[in-house]
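Notes follow the structure.
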There are 2 protein chains.
Amino acid sequence: MKQKILIVEDESAIVDTIQYALETDGFETIWVSSGLEVLPILSIQAIDLIILDIGLPDVHGFELCKSIRKLYAVPIIFLTARGDEIDRVVGLEIGADDYVTKPFSPRELSARVKAVLRRTPKQSARISSDKIFQIDEHKCQIAYYAKILELSRYEYKILKTFIRRPGYVFSREQLMEHIWDVPESSMDRTVDAHIKNIRNKLKTVKPDVEPIVTNRGLGYSLKEDL
Amino acid sequence: MKQKILIVEDESAIVDTIQYALETDGFETIWVSSGLEVLPILSIQAIDLIILDIGLPDVHGFELCKSIRKLYAVPIIFLTARGDEIDRVVGLEIGADDYVTKPFSPRELSARVKAVLRRTPKQSARISSDKIFQIDEHKCQIAYYAKILELSRYEYKILKTFIRRPGYVFSREQLMEHIWDVPESSMDRTVDAHIKNIRNKLKTVKPDVEPIVTNRGLGYSLKEDL
DNA sequence: TTCTGTTTTCATAATGCCTTCATATTTAAG
DNA sequence: CTTAAATATGAAGGCATTATGAAAACAGAA
């Protein structure tokens, strides 16, 4: 009976850390990168709490918050780059329940989530299945069919990227930008080589399965229905 | 049965003139001042055309337009303060059907509304929320009657182009320019061959339907009234 | 420094999509 | 009905893309 947190944030790096922190604390997370998707989602699903970035590219966070509040009583926590100008609007004026300024520790965010939920009456729940891939971010380890893989740095990061978004197709450029510090430095077939190594290591655990899919002309992705 | 126009505009003075002009011309108008309300409205009501101000306070017009286009085929007319920088984005790139620059005469706007509606078959103005085609851009996949198609790169891109603008006729040249990186390279009957393959794959899902229409001498298009 | 494991590069092989072409079929016009 | 133009289709070769193994370059630790 996990509680569902909707994360509204366009930077995937931030989403990663938030998702990890919340999921290890027993929450279920849903992620959208666009503010416009929020109201349609709320009209269908029961959400227990929303974490809302103010600096979204498509909508302004305050306006979105007000629009949500017109229809839903769901608690909202703001993510903001600067905390100085937000103090007065938190509270009744806008309708946010709390806010966190960037940069923030995921643990702090999770603590605030719990605090807000504690003082809010519960209403929804859902179930999620256990996973074939398990990420331990503290140990920088990934288990595959309960067996821990011995991955190098980039192998770990690439595979983690896939696991976080099963089915999503990542181009070589996307992976480079997301994972490497100096993206433009190397190109050639670096990613391919890492994919090859990851595949080999996965194969030692389960030879008959091929979780990483090649999408010719587009990129790589992780099979969803494992 | 009057046709319904959704006006998305925050300045009430402008709304007044638009509403008056359109209603005297026999249209029914709905007005919202916030872009965030648009998607929820579309999910409930059948709208024949949207007049969308780009300079909304809460959302960016282009982003909203793209979000609408992911789900609905309803025609969109932009309202903009400056017309100079908009030319290139109207059309395929964003998905708008026309635009009007402020200040404008209500009569001109009404004329453009009629022109757009005239070249839009009635069916497509209706909400296509049944969503026979569903695009998942992250996963680079398209579902047809809820069944996921296995498409190659170009097949995916071609079909996506059609779905974005149902009924819109694309010439071979347009498709080449829009989809291929090096458009001038190949011509001959390449597009035809891809169309053939797409049709075959669609046929395996539903043999009795033929969604891709051949417009002799003009190009291909997607059937609207599926 | 030297050693070790990782990352990148490179060359070559393998794969499968894309294009082309030849032929059949359809459509529209005369 | 005949004819020409446009499109549909099947098959096959070419070619772009990816896979792979090995070696070079690199970084970190002892």
Side-chain angles (χ1 to χ4, degrees), chain A residues 140-142 148-162 169-204 207 209-223, chain B residues 140-142 149-162 169-204 207-223:
Chain A
C140 290
Q141 282 179 341
I142 295 174
I148 290 168
L149 303 166
E150 295 205 356
L151 302 170
S152 74
R153 172 178 42 152
Y154 288 115
E155 290 164 12
Y156 168 73
K157 287 188 177 180
I158 291 172
L159 187 52
K160 193 176 79 172
T161 305
F162 287 142
V169 177
F170 296 91
S171 69
R172 284 156 237 273
E173 291 75 31
Q174 283 179 304
L175 290 171
M176 274 286 170
E177 278 190 28
H178 187 244
I179 290 169
W180 271 256
D181 291 333
V182 195
E184 79 288 348
S185 65
S186 65
M187 271 273 92
D188 228 297
R189 310 228 66 77
T190 305
V191 173
D192 302 40
H194 287 291
I195 294 288
K196 175 190 60 178
N197 294 331
I198 296 172
R199 279 175 167 159
N200 285 334
K201 293 182 181 180
L202 294 176
K203 200 155 284 177
T204 61
V209 189
E210 176 57 68
I212 297 178
V213 181
T214 303
N215 306 76
R216 203 159 251 259
L218 298 169
Y220 297 99
S221 64
L222 193 70
K223 244 191 220 157
Chain B
C140 295
Q141 63 188 19
I142 295 172
L149 302 167
E150 297 207 352
L151 302 171
S152 76
R153 170 181 32 163
Y154 289 115
E155 289 163 13
Y156 167 73
K157 290 186 175 178
I158 290 172
L159 188 52
K160 195 173 78 170
T161 306
F162 288 143
V169 177
F170 295 90
S171 70
R172 282 155 240 270
E173 291 75 30
Q174 282 180 304
L175 290 171
M176 272 287 169
E177 278 191 30
H178 188 240
I179 290 168
W180 269 256
D181 290 334
V182 195
E184 80 287 349
S185 65
S186 64
M187 273 272 92
D188 227 296
R189 310 228 66 78
T190 304
V191 172
D192 303 39
H194 286 292
I195 294 288
K196 174 192 60 177
N197 293 331
I198 296 172
R199 279 175 167 160
N200 284 334
K201 292 182 182 182
L202 295 175
K203 200 154 285 177
T204 61
D208 51 326
V209 188
E210 176 56 68
I212 298 179
V213 181
T214 304
N215 305 76
R216 192 159 257 259
L218 299 170
Y220 297 98
S221 64
L222 193 69
K223 239 190 226 162

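Note: hydrogens, waters and symmetry copies are ignored here, and every other heavy atom, side chains too, is used. Given the structure is predicted, the values throughout are model-derived calculations rather than measurements. Proteins come first, then strands; the chains are lettered A, B, ... in the order of their sequence lines, and each starts at number 1.
In this structure, Tyr154(B) atom OH and dA16(D) atom P are separated by 10 Å, rounded to whole Å. Atom pair Glu155(A):CD and dT7(C):P shows a separation of 6 Å (rounding to whole Å applied). Following rounding to the nearest Å, Glu150(B) (CD) and dC17(C) (P) show an atom-to-atom distance of 10 Å. For the pair Asn215(B) CG and dT26(C) P, the computed distance is 18 Å after rounding to whole Å. When rounded to the nearest whole Å, the span between CD1 of Ile179(B) and C1' of dC17(C) equals 15 Å. Distance CZ (Arg153(A)) to P (dT6(C)): 11 Å, rounded to an integer number of Å.
By the side chain to side chain donor-acceptor pair (under 3.5 Å) test, Asn197(A) is found to be paired with no residue, residues two or more places apart in sequence or in another chain being considered. By the side-chain contact (heavy atoms from CB on, under 4.5 Å) test, Lys160(B) pairs with Ile135(B), Glu137(B), Ile142(B), Tyr156(B), Arg164(B), sequence neighbours left out. By the side-chain contact (heavy atoms from CB on, under 4.5 Å) test, Arg216(A) pairs with no residue at all, sequence neighbours left out. The side chain to side chain donor-acceptor pair (under 3.5 Å) test applied to Lys201(A) returns Glu155(A), not counting sequence neighbours. The salt bridge (charged side-chain N to carboxylate O under 4.0 Å, His left out) test applied to Lys203(A) returns Glu210(A), not counting sequence neighbours. Shown here are the side-chain contact (heavy atoms from CB on, under 4.5 Å) partners of Thr204(A), two or more places apart in sequence or in another chain: there are none. Applying the side chain to side chain donor-acceptor pair (under 3.5 Å) test to Arg153(B) and every residue at least two apart in sequence or in another chain returns nothing. Phe162(B) is linked by a ring pair (Phe, Tyr, Trp, His ring centres under 6.0 Å) to Phe170(B), counting only residues two or more places apart in sequence or in another chain.
Considering only side-chain N and O atoms, Trp180(A) lies under 4.0 angstrom from the phosphate OP1 or OP2 of dT8(C). Residue Ser152(A) places none of its side-chain N or O atoms closer than 4.0 Å to OP1 or OP2 of dG5(C). Between His194(B) and dC17(C) there is no side-chain polar atom (N or O) within less than 4.0 angstrom of OP1 or OP2.
An end-to-end axis angle of 40° holds for the helix from dT1(C)-dA30(D) to dG30(C)-dC1(D), taken from five base pairs per end and rounded to 10°.
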Task: Under 4.0 Å protein heavy-atom contact, by nucleotide of nucleotides 19-30 of chain D - B base, S sugar-phosphate only - done: BBBB--------

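Atom CD in Gln174(A) sits 10.0 Å away from atom CG in Leu218(A) (nearest 0.5 Å).
For the pair Lys157(B) and Leu175(B), the minimum side-chain heavy-atom distance is 4.5 Å or more.
Taking the six-membered ring where the residue is Trp, Tyr154(A) and Trp180(A) present parallel rings, their angle staying beneath 30° rather than reaching 60°.
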Under 3.5 Å, which N/O atoms of the protein pair with N/O atoms of nucleotides 14-16 of chain C?
{"residue": "dT15(C)", "atom": "O2", "partner": "Arg216(A)", "partner atom": "NH2", "Å": "3.0"}

